[in-house]
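Scroll down for the structure; my scribbles are underneath it.
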Protein chains: 2
Amino acid sequence: MALSPKEKEALEFIEAYFVDNGFPPTVREIGEAIGFTSKSSVYKLLRRLEAKGYLEIVPGEARGLRLIRPARGIPVLGKIPAGEPLIPYEDFEEVLPVDPSFFGAEKLFALRVKGDSMVGAGILPGDLVVIRVTEEAKNGEIVAAVLTEPEPEVTLKRLELKNGTLVLKPENLSYEPFVFEKEDVARGRVKILGVMVGLIRKGLNPAL
Amino acid sequence: MALSPKEKEALEFIEAYFVDNGFPPTVREIGEAIGFTSKSSVYKLLRRLEAKGYLEIVPGEARGLRLIRPARGIPVLGKIPAGEPLIPYEDFEEVLPVDPSFFGAEKLFALRVKGDSMVGAGILPGDLVVIRVTEEAKNGEIVAAVLTEPEPEVTLKRLELKNGTLVLKPENLSYEPFVFEKEDVARGRVKILGVMVGLIRKGLNPAL
DNA sequence: CTCTTAAGAGAACAAAAGTTCGCCAAGGTG
DNA sequence: CACCTTGGCGAACTTTTGTTCTCTTAAGAG
């Protein structure tokens with residue numbers, strides 16, 4: 001079910017508060033944060049959030065709020081990132097229950113690997129690659145990039161920069177590198193989303 | 001600093017309560033759980049836990065307890081597991097801030113990979129392999145096993161069982177398989193600690 | 001033996017917090 | 001228009017909860 005603006009604001013506040021403090025906020029604190037003067041209004045809003053499945057109210061208990069979706073995690077990028085702001089943190093069905101600070105950064109997302117073009121770097125199809133959002137990548141780093149032509153597509157490759165040209169190298173001899181000249185980059189035919197900072201595999205070989 | 005039995009009991013209760021409920025317990029609840037009839041005693045105990053660095057008390061706030069070490073995570077097995085109970089959950093310096101249920105089980109630990117004997121399975125040296133504790137492993141699964149001779153050592157290999165013999169196969173042609181006959185197994189020369197259910201990599205190539 | 005400290009009991013209290021009830025304005029619908 | 005639902009306000013009330021104070025007991029040090 002969709003969230004009204006105030007409901008969304010409240011839910012985001014609760015999650016942020018939880019991350020900062022280690023326990024949920026009180027009804028009053030939520031009210032203050034979203035600009036409600038009456039606690040009963042907040043309470044009703046919480047009931048709505050409960051009905052919509054975003055949290056659970058434990059009756060009678062101080063700070064008795066239980067968040068359903070994990071407050072802290074790494075969102076999995078499902079579709080191709082068309083828009084620019086990127087990572088609206090909504091729109092992600094799946095969130096990995098992993099504290100982002102473990103990978104040394106806050107702005108992260110995960111990408112499910114398709115294909116075996118990076119097996120040489122120990123990256124199997126089905127693996128979840130953790131990407132730190134940045135446009136600045138160094139030589140030799142593995143980057144997530146979006147190729148705009150012929151149609152938008154996200155790919156994971158090792159980056160190689162030599163005097164102006166940008167090369168995306170697979171880690172598998174059966175595949176050819178992608179080479180972009182200076183003007184290709186300038187025209188936005190390739191765009192770096194971020195650099196790989198980690199990997200999470202569920203199962204032995206997730207593709208099977 | 002060391003914890004007294006009651007302090008340890010209280011801390012474990014707080015952590016368990018937090019995992020179950022999503023928020024910390026009240027002073028009274030802790031008292032009930034550890035058998036204290038007076039709240040002030042609990043409060044003093046909490047102050048001690050705070051002084052020892054295990055939690056933080058937010059003054060005046062209901063359920064204002066902040067746990068320092070993550071309540072839910074996967075312990076990293078540092079040394080060789082000599083004792084039998086295994087996974088005392090103490091003794092682990094490092095705990096991965098990952099919800100164990102993500103890997104579909106509760107009794108888990110992680111093992112830091114040494115050497116490149118499993119690169120063929122996409123497992124690099126330095127990787128953290130997530131192991132589900134069990135002694136029953138099927139053919140083809142990757143297992144963590146302890147070899148007792150010549151001296152105790154933990155290893156990660158693919159399991160192969162054929163009519164009584166137990167083979168631990170590396171996933172790298174430069175290494176030879178370990179073969180154990182029925183009597184080797186009976187004599188405890190090899191013991192399966194658990195099966196691999198996942199992998200976590202921090203960085204591009206954690207060994208570097 | 002006396003003094004001190006650690007660890008807990010019990011009572012008392014003020015502040016914090018959840019919950020309910022009634023009221024109201026806006027917006028849609030027949 | 002009359003009616004209903006949605007989403008908000010305010011007041012009142014009861015619990016829950018944190019916190020402090022004053023004992024009590026047991027163990028150790030000197």
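By convention in this document, chain letters (A, B, ...) are assigned in the order of the sequence lines, proteins followed by strands, and residues within each chain are numbered from 1.
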Euclidean distance, atom [atom1] of residue [X] to atom [atom2] of [N] [Å, nearest integer]:
| X | N | atom1 | atom2 | answer |
| --- | --- | --- | --- | --- |
| Lys39(A) | dC13(D) | NZ | P | 13 Å |
| Leu45(B) | dT19(D) | CG | C1' | 16 Å |
| Lys44(B) | dT20(D) | NZ | P | 12 Å |

Quiz prompt | For chain B, the stretch of DNA chain C it reaches, first to last nucleotide, under 4.0 Å of its heavy atoms | solution = dA7(C) to dA17(C)
Quiz prompt | Summary of salt bridge (Lys or Arg N to Asp or Glu O under 4.0 Å) pairs that have at least one residue in residues 117-136 of chain A, sequence neighbours excluded | solution = Asp127(A)-Arg201(A), Glu135(A)-Lys191(A)
Quiz item: Applying salt bridge (Lys or Arg N to Asp or Glu O under 4.0 Å), which residue pairs with at least one partner in residues 54-66 of chain B are found, sequence neighbours left out?
Solution: Glu61(A)-Arg63(B), Arg63(A)-Glu61(B), Glu29(B)-Arg63(B), Glu56(B)-Arg66(B)
Self-check item: Which residues share a side chain to side chain contact (heavy atoms under 4.5 Å, CB included) with Asn139(B), sequence neighbours left out
Solution: Glu160(B), Leu161(B)
Practice problem: Applying side chain to side chain donor-acceptor pair (under 3.5 Å), name anything that partners Glu32(A), two or more places apart in sequence or on another chain. | Solution: none
Exercise. Please list, chain by chain and in numerical order, all residues satisfying side chain to side chain donor-acceptor pair (under 3.5 Å) with Arg112(B), sequence neighbours excluded.
Key: Glu94(B)
Quiz item: Do any side-chain nitrogens or oxygens of Ser40(A) fall under 4.0 Å of OP1 or OP2 in dC9(D)?
Solution: no
Practice problem: Please list residues of residues 22-36 of chain B whose heavy atoms come under 4.0 Å from any atom in DNA chain D, ordered by number; otherwise none. | Solution: Thr26(B), Val27(B), Arg28(B)
Quiz item: Tell me, which pairs form a side chain to side chain donor-acceptor pair (under 3.5 Å) where one or both residues lie in residues 116-125 of chain A, sequence neighbours left out?
Solution: Asp116(A)-Tyr175(A), Ser117(A)-Lys157(A)
Practice problem: Go through residues 59-67 of chain A and report each residue with a non-hydrogen atom lying under 4.0 Å from DNA chain C, sorted by number. | Solution: Pro59(A), Gly60(A), Glu61(A), Ala62(A), Arg63(A)
Practice problem: Just grab all the ring-ring contact (aromatic ring centres under 6.0 Å, His included) pairs involving residues 8-37 of chain A, residues at least two apart or on different chains. | Solution: Phe13(A)-Tyr17(A)
Could you list the donor-acceptor pairs under 3.5 angstrom formed between side-chain atoms of residues 41-50 of chain A and any protein atom two or more places apart in sequence or on another chain?
unit_1	atom_1	unit_2	atom_2	d
Arg48(A)	NH1	Glu7(A)	OE2	3.1
Glu50(A)	OE2	Ile57(A)	N	3.0

Exercise. Check whether any side-chain N or O of Lys6(B) sits under 3.5 Å from a backbone N or O of Ile34(B) as a donor-acceptor pair, and report yes or no.
Key: yes
Quiz item: What residues, two or more places apart in sequence or in another chain, satisfy salt bridge (charged side-chain N to carboxylate O under 4.0 Å, His left out) together with Glu181(B)?
Solution: none
